[in-house]
Number of protein chains: 2
Amino acid sequence: MTVETGGVDQRRLFELLWGTPTGPRRGPRPTLTLAAIARAGITIADADGLDGLTMQRVAESLDVTKMALYRYVPGRAELVALMLEAAVGEPPAPPAGADWRGRLDDWTRQLFDRFRRHPWAHAATVGPRLPGPNELAWLERVVAALAGTGLTGPEQLDVAVLLVGHARNLAQHAAPDDAPGGSREAAFDALVRGREERFPALHAALRGIDPNTPDQALDFGLARILDGVEALITARAAAVPRHPGGVDERSPGGRGE
Amino acid sequence: MTVETGGVDQRRLFELLWGTPTGPRRGPRPTLTLAAIARAGITIADADGLDGLTMQRVAESLDVTKMALYRYVPGRAELVALMLEAAVGEPPAPPAGADWRGRLDDWTRQLFDRFRRHPWAHAATVGPRLPGPNELAWLERVVAALAGTGLTGPEQLDVAVLLVGHARNLAQHAAPDDAPGGSREAAFDALVRGREERFPALHAALRGIDPNTPDQALDFGLARILDGVEALITARAAAVPRHPGGVDERSPGGRGE
DNA sequence: GTACTCTGTATCCGAGGGACACAGTTTTGA
DNA sequence: TCAAAACTGTGTCCCTCGGATACAGAGTAC
């Protein structure tokens with residue numbers, strides 16, 4: 001029982017995620033596949049969330065005993081990791097002829113879509129964890145799109161972190177099949193109503209909400225982020241017209257006023 | 001056993017979060033307080049995460065039986081909600097004399113700090129949930145800071161969502177007491193090493209990482225976001241030049257660009 | 001054919017959330 | 001003053017779930 005990082009067997013998980021599917025030699029041939037198990041788990045978690053995902057249910061849906069799963073997967077935590085890797089899947093091809101901004105825009109929306117289709121994915125990605133090949137491939141796409149923009153390596157990764165966070169965060173806000181108009185704003189409105197003097201600005205902001213217009217938080221945030229990145233890129237290009245990667249003009253919007 | 005939203009009793013939770021502390025009439029006076037229970041839970045969760053948080057341990061740390069807690073809290077889920085509300089606490093006062101950007105910058109860093117101090121808070125905030133007074137008060141601060149900038153109500157809320165997401169996301173990346181240099185990048189590097197042809201851009205980006213420089217993802221993302229918001233605000237102001245005392249003339253020298 | 005190895009199963013255990021009934025305590029009403 | 005009512009903390013019980021272990025059957029290598 002390795003309590004390491006929430007009970008995840010790092011070695012075995014690494015083999016499962018990154019190892020080659022080595023065919024066994026002797027003994028009866030397995031009736032299951034890692035992919036099939038992950039698929040079954042995804043189906044269950046999509047329907048009832050991570051709480052509804054029990055080894056028993058996964059086993060039942062595959063017509064095996066619960067303990068049979070442990071021949072393939074060390075435990076529940078590793079199963080979730082495999083499900084996550086399968087659920088994100090391979091990154092989509094970048095749109096043809098798009099510049100870095102077009103690529104990042106499309107990339108974020110595609111990732112958002114993945115997260116929205118699998119609401120449990122958010123909970124499955126909290127805390128440090130071992131990324132799988134698909135996850136790294138998604139990351140590779142962002143960094144590749146930003147290559148040649150003048151951003152440093154760390155900055156490219158920071159942009160990726162920013163976009164992943166936004167996609168993941170917004171997918172959580174937008175329930176997969178929620179009533180249009182956003183139940184979240186409705187809940188806020190109900191709470192603020194009767195407490196206007198306590199939350200005056202919030203009250204005013206909520207008055208400007210049209211229940212018919214769909215939630216545009218994804219578009220809005222994405223546009224702001226990409227505007228900010230674009231501003232940095234153009235500033236870099238103007239400041240250092242030659243040899244990218246020199247002494248960076250760090251202008252942290254940090255601390256001091 | 002209300003399976004509603006993960007087993008949360010919405011009515012009772014609303015009373016716990018928003019209700020007035022009505023003193024009971026008859027019977028022995030309670031030995032515990034909601035605040036004390038929440039504090040005990042926070043202490044445990046800070047140390048061992050949400051998985052380490054059991055009713056048993058909370059009860060032990062308060063010298064009561066497990067079932068005694070159920071006199072105060074309907075169940076574990078509601079306890080976590082109370083812990084969250086106590087952990088975020090009241091929002092800090094906005095820095096004196098700061099414009100909207102300064103306020104939002106400070107706000108985001110303070111929120112980041114709260115999340116970083118309580119790593120379980122991220123997991124506790126997945127999915128739709130009932131916000132408490134403190135949570136709404138934090139939100140109120142953002143919207144108040146943006147009042148008069150020309151942004152619409154929904155846009156102000158979208159900015160808040162964006163900033164909350166960034167603070168929360170980055171707090172997860174930055175482990176509370178991790179080794180400097182970022183184990184995350186180190187893990188990436190170890191994975192990419194030997195697979196350079198598969199992740200060429202990632203490989204190149206990782207080469208530009210200096211293990212000594214601290215992680216600047218929070219600063220970077222925050223600066224990008226606020227740059228993007230600022231661009232929108234100035235564009236709005238330029239398009240609608242009237243509105244006498246609305247948009248303040250913020251230009252304290254060379255910020256950003 | 002025999003030994004070895006791998007798969008799926010049956011059984012068992014402990015941890016954890018929570019229901020329920022009961023005893024003790026404090027206030028209210030007569 | 002005293003009994004009834006209401007509320008608190010406790011002990012006990014149950015169920016679910018993750019996982020360990022031992023075992024029986026299946027398939028392969030020698």
Side-chain angles (χ1 to χ4, degrees), chain A residues 1-9 12-13 15 21-34 36-37 40-41 44-45 48-83 120 124, chain B residues 1-9 12-13 15 21-34 36-37 40-41 44-45 48-83 120 124:
Chain A
M1 189 182 291
T2 22
V3 197
E4 196 112 353
T5 319
V8 179
D9 188 336
R12 293 242 3 214
L13 180 56
E15 288 173 15
T22 163
R25 295 292 164 269
R26 293 201 248 189
R29 45 191 66 85
T31 50
L32 301 178
T33 343
L34 269 184
I37 295 176
I44 294 175
D48 295 343
L50 277 190
D51 287 341
L53 182 83
T54 61
M55 302 302 274
Q56 184 66 42
R57 280 191 66 184
V58 175
E60 279 173 4
S61 82
L62 291 168
D63 276 313
V64 255
T65 323
K66 176 186 67 168
M67 292 314 292
L69 300 177
Y70 288 92
R71 291 288 173 199
Y72 302 84
V73 169
R76 205 190 97 112
E78 292 82 1
L79 169 59
V80 173
L82 287 176
M83 287 166 50
W120 50 271
Chain B
M1 189 183 291
T2 23
V3 197
E4 195 114 352
T5 320
V8 179
D9 188 336
R12 293 241 4 215
L13 180 55
E15 288 172 17
T22 163
R25 295 292 164 271
R26 293 200 251 190
R29 43 190 69 85
T31 51
L32 302 178
T33 349
L34 270 185
I37 296 176
I44 294 174
D48 295 342
L50 278 191
D51 288 341
L53 181 83
T54 61
M55 301 302 275
Q56 183 67 43
R57 282 191 65 186
V58 176
E60 278 172 4
S61 81
L62 292 167
D63 275 313
V64 255
T65 321
K66 177 184 65 167
M67 292 314 294
L69 300 178
Y70 288 93
R71 291 287 173 200
Y72 302 83
V73 169
R76 206 191 97 111
E78 292 81 2
L79 170 59
V80 173
L82 287 176
M83 287 166 50
W120 50 271

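Every chain is numbered from 1, with letters handed out A, B, ... down the list of sequences.
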Would you mind telling me which of [options] lies closest to the side-chain atoms of [X]?
X        : options                   : answer
Tyr72(B) : dT8(D), dT21(D), dG18(C)  : dT8(D)
Pro28(B) : dT26(C), dG11(D), dG19(D) : dT26(C)
Thr65(A) : dG11(D), dA10(C), dG17(C) : dA10(C)

In whole Å, what is the span from the [atom1] atom of [X] to the [atom2] atom of [N]?
X        : N       : atom1 : atom2 : result
Met67(A) : dC23(D) : CE    : P     : 15 Å
Glu60(B) : dG9(D)  : CD    : C1'   : 16 Å
Leu62(A) : dG8(C)  : CG    : C1'   : 13 Å
Ile37(B) : dT8(D)  : CD1   : P     : 11 Å
Leu50(B) : dG17(C) : CG    : P     : 11 Å
Arg76(A) : dC17(D) : CZ    : P     : 10 Å
Asp51(A) : dG17(C) : CG    : C1'   : 12 Å
Asp9(A)  : dA20(D) : CG    : P     : 10 Å

Of all the heavy-atom pairs spanning [X] and [Y], show the shortest one and how long it is.
X        : Y        : value
Asp9(B)  : Glu78(B) : N-OE2, 2.7 Å
Ala45(A) : Leu50(A) : CB-CD2, 4.4 Å
Leu62(A) : Ala36(A) : CD2-O, 4.2 Å
Gly41(B) : Leu53(B) : O-CD1, 3.4 Å

query: Would you say the base of dG17(C) and the side-chain of Lys66(B) have a donor-acceptor pair closer than 3.5 Å?
result: yes

When you measure from the side-chain N and O atoms of [X] to the phosphate of [N], is any distance below 4.0 Å, counting only OP1 and OP2?
X        : N       : value
Thr54(B) : dA15(C) : no
Tyr70(B) : dG9(D)  : no
Arg26(A) : dA3(C)  : no

Under 3.5 Å donor-acceptor, Tyr72(A) side chain and Ile37(A) backbone: no

statement: Walking DNA chain C from its 5' end, the first of Arg71(B) and Pro74(B) to be reached, judged by nearest nucleotide, is Pro74(B)

message: Heavy-atom nearest nucleotide on DNA chain C for Met55(B) versus Arg29(B): which residue maps closer to 5'?
response: Met55(B)

message: Under 4.0 Å, counting only non-hydrogen atoms across every strand here, what does Leu69(B) touch: a base, just sugar-phosphate, or nothing?
response: nothing

